[in-house]
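None of the values given here were measured: they were computed from a predicted structure.
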Amino acid sequence: MKLTKSDFQIGTLEDELRVDGLCRELLMTFYNERIASGLNEHDATLLASSADHYLRDYLIGVRQMNLLESDADVVRKFAGNWYIINTLEPVIEEIETHLNGIREFYSFLHSIEAVSSEFHAAIDKDCADLAYYKSRIDSFWDIQGDGYYEWERECSLK
């Protein structure tokens with residue numbers, strides 16, 4: 001499977017719909033590859049669903065970013081901000097599940113030479129930083145008054 005950055009460029013609504021469809025196909029390939037490598041269906045589904053939430057809801061739907069050339073810190077912004085403010089009861093266990101799916105998905109992309117080793121390593125590093133995301137959840141629950149703006153600035157989506 002040969003993927004190019006231009007395949008995932010988003011400039012119009014039609015592009016977003018096309019990229020969404022490409023991501024569905026890519027996630028299915030990722031899922032099937034995990035099954036073929038011996039992972040059970042439940043675990044493969046969990047990984048693919050977590051990667052799907054990140055890709056289609058956040059990266060493409062909200063950020064309008066190209067999954068093959070997004071900023072390396074985009075995972076940090078997902079787990080350290082967007083997930084927390086868009087989840088009713090954010091918990092580290094759920095973030096960890098999402099990050100495992102993201103990590104495995106980008107490992108898959110690296111294995112098919114769709115992303116560079118450097119980009120893959122940066123994504124992997126951000127996926128591993130559970131202490132940071134735990135502190136972000138804790139500090140979110142501790143916000144008082146107009147403290148949200150300071151909290152948001154630390155890991156801004158802007």
Side-chain angles (χ1 to χ4, degrees), residues 1-37 39 43-87 90 92 94-137 140 148-149 151-158:
M1 169 183 292
K2 179 68 175 148
L3 303 176
T4 64
K5 291 178 182 177
S6 63
D7 292 336
F8 296 93
Q9 288 297 105
I10 300 172
T12 65
L13 177 59
E14 290 80 20
D15 289 339
E16 183 177 345
L17 295 172
R18 177 185 50 75
V19 170
D20 185 78
L22 287 173
C23 284
R24 275 195 312 270
E25 291 175 26
L26 192 54
L27 286 161
M28 222 32 221
T29 302
F30 167 64
Y31 170 83
N32 288 328
E33 189 274 339
R34 290 300 179 243
I35 294 291
S37 72
L39 200 59
D43 291 343
T45 298
L46 198 56
L47 289 174
S49 294
S50 293
D52 180 49
H53 181 58
Y54 168 77
L55 286 175
R56 295 176 56 222
D57 293 342
Y58 170 72
L59 195 66
I60 293 165
V62 173
R63 299 301 304 270
Q64 302 278 296
M65 297 177 91
N66 186 319
L67 72 107
L68 299 181
E69 64 178 7
S70 59
D71 298 331
D73 68 347
V74 71
V75 170
R76 183 169 292 273
K77 292 175 181 181
F78 165 77
N81 186 321
W82 188 84
Y83 164 84
I84 295 168
I85 64 173
N86 287 284
T87 302
I92 193 62
E94 190 172 46
I95 288 177
E96 184 175 16
T97 298
H98 289 309
L99 293 170
N100 285 337
I102 295 164
R103 177 187 290 127
E104 288 292 321
F105 181 74
Y106 275 93
S107 290
F108 164 72
L109 290 178
H110 183 254
S111 75
I112 62 171
E113 300 178 356
V115 296
S116 70
S117 295
E118 295 79 20
F119 186 73
H120 174 246
I123 295 285
D124 194 58
K125 180 180 179 237
D126 281 348
C127 285
D129 198 359
L130 294 179
Y132 174 74
Y133 305 120
K134 173 80 169 96
S135 75
R136 290 289 293 163
I137 291 172
F140 177 75
Y148 172 79
Y149 300 105
W151 180 87
E152 202 282 332
R153 269 192 303 276
E154 182 186 320
C155 183
S156 182
L157 294 174
K158 296 173 184 153

Considering only NZ, NE, NH1 and NH2 on the basic side and carboxylate oxygens on the acidic side, decide whether Asp15 and Arg18 come within less than 4.0 Å.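 Here Asp15 pairs with Arg18 in a salt bridge, since their nearest N and O are under 4.0 Å apart.
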Salt bridge check: are Arg136 and Glu154 linked by an N-O gap of less than 4.0 Å? yes
So do the side chains of [X] and [Y] get within less than 4.5 Å of each other, counting heavy atoms only?
X: Leu109; Y: Leu26; result: yes
X: Tyr133; Y: Ile84; result: no
X: Glu69; Y: Gln9; result: yes
X: Leu99; Y: Tyr54; result: no
X: Arg103; Y: Ile123; result: no
X: Arg63; Y: Leu157; result: yes
X: Val74; Y: Leu59; result: yes
X: Cys23; Y: Leu67; result: yes

Looking at [X] and [Y], what are the two nearest heavy atoms and their distance?
X: Ala44; Y: Ile35; result: CB-CD1, 3.6 Å
X: Ile10; Y: Met65; result: CD1-O, 4.0 Å
X: Phe30; Y: Glu104; result: CE1-O, 3.5 Å
X: Leu3; Y: Leu68; result: CB-CD1, 4.1 Å
X: Ile102; Y: Cys127; result: CG2-SG, 3.8 Å
X: Ala48; Y: Leu27; result: O-CD2, 3.9 Å

Under 6.0 Å between ring centres, would you say that holds for His53 and Trp82? yes
State the [atom1]-[atom2] distance between [X] and [Y], to the nearest 0.5 angstrom.
X: Ile112; Y: Ser107; atom1: CD1; atom2: OG; value: 11.5 Å
X: His98; Y: Leu46; atom1: NE2; atom2: CG; value: 9.0 Å
X: Lys2; Y: Asp7; atom1: NZ; atom2: CG; value: 9.5 Å
X: Phe105; Y: Asn100; atom1: CZ; atom2: CG; value: 15.0 Å
X: Thr29; Y: Glu25; atom1: OG1; atom2: CD; value: 7.5 Å
X: Arg76; Y: Cys155; atom1: CZ; atom2: SG; value: 7.0 Å

Please report the C-alpha distance between Tyr31 and Leu47 in whole Å, then the side-chain angles of each, then the deciding distance to 0.1 Å, and finally whether the side chain to side chain contact (heavy atoms under 4.5 Å, CB included) criterion is met. CA-CA 8 Å; Tyr31 170 83; Leu47 289 174; over 6 Å; no
Are any side-chain N or O atoms of [X] and backbone N or O atoms of [Y], one a donor and one an acceptor, separated by less than 3.5 Å?
X: Ser135; Y: Tyr132; value: yes
X: Asp126; Y: Val75; value: no
X: Gln64; Y: Ile60; value: yes

For Ser156, which residues count as a side-chain contact (heavy atoms from CB on, under 4.5 Å) partner, sequence neighbours excluded?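 So Ser156 forms a side-chain contact (heavy atoms from CB on, under 4.5 Å) with Glu152, Lys158.
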Pi-cation contact, Phe108 with Arg34 (under 6.0 Å, within 45°):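 So Arg34 doesn't make the cation-pi contact.
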Which pairs count as salt bridge (charged side-chain N to carboxylate O under 4.0 Å, His left out) when at least one residue sits in residues 48-57, sequence neighbours excluded?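 As it turns out, the salt bridge (charged side-chain N to carboxylate O under 4.0 Å, His left out) pairs with a partner in residues 48-57, which skip direct neighbours, are Asp20-Arg56, Asp52-Arg56.
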Side chains of Glu94 and Tyr83, donor plus acceptor under 3.5 Å: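 Result is yes, a qualifying pair exists.
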Under the side chain to side chain contact (heavy atoms under 4.5 Å, CB included) criterion, do Phe8 and Leu22 qualify, and how do the steps go? CA-CA 8 Å; Phe8 296 93; Leu22 287 173; 3.8 Å; yes
